[in-house]
Amino acid sequence: MNLNFDHTAEELFEYYSEEDISYYLWEMYQCWLLELSQLDKTHLEVSNRQYFFQLLATQVSKNLKQFQTKPGSNVV
């Protein structure tokens with residue numbers, strides 16, 4: 001699967017507020033856990049995916065903070 005999309009790195013932060021980003025990540029997390037519960041994943045498999053999600057959310061948060069401190073950024 002190729003997940004390369006034709007978007008700039010900052011579009012996420014230009015078009016969505018911090019609250020919306022948090023809300024959508026929370027929705028994604030809930031849906032993912034629901035899906036995993038129906039796929040008969042082991043505790044370790046679910047734990048690995050939860051850790052992956054934590055890393056993803058941390059990366060988004062870190063990049064959002066960098067974007068917000070960037071001169072000329074239009075924070076929503």
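Values reported hereafter were calculated over all heavy atoms of this structure, with side chains retained and with hydrogens, waters and symmetry mates removed.
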* **Results of side-chain contact (heavy atoms from CB on, under 4.5 Å) for Q54 - residues two or more places apart only** => Y51
* **Partner set under side-chain contact (heavy atoms from CB on, under 4.5 Å) for H7, not counting sequence neighbours** => F5, E11
* Could I get the full list of side-chain contact (heavy atoms from CB on, under 4.5 Å) partners for N63, not counting sequence neighbours? => F13, Q59, Q66
* Look only at the side chain of S22 and the backbone of E18, and say whether a donor-acceptor pair between them is shorter than 3.5 Å. => yes
* To do: State the CD-OH distance between E10 and Y15, to the nearest 0.5 angstrom.
  => 11.0 Å
* Asked: What pairs with Y29 under side-chain contact (heavy atoms from CB on, under 4.5 Å), at least two apart in sequence or on another chain?
  -> W26, L33, Q50, F53
* Pairing residues for E35 by the side chain to side chain donor-acceptor pair (under 3.5 Å) criterion, not counting sequence neighbours -> none
* Can you pull the salt bridge (charged side-chain N to carboxylate O under 4.0 Å, His left out) pairs that have at least one residue in residues 39-63, sequence neighbours excluded? -> none
* **Distance-only polar pair, side chains of E19 and Y23, donor-acceptor under 3.5 Å** => no
* Asked: Could you state the interatomic distance from CG (L12) to CG (D20), rounded to the nearest 0.5 Å?
  -> 10.0 Å
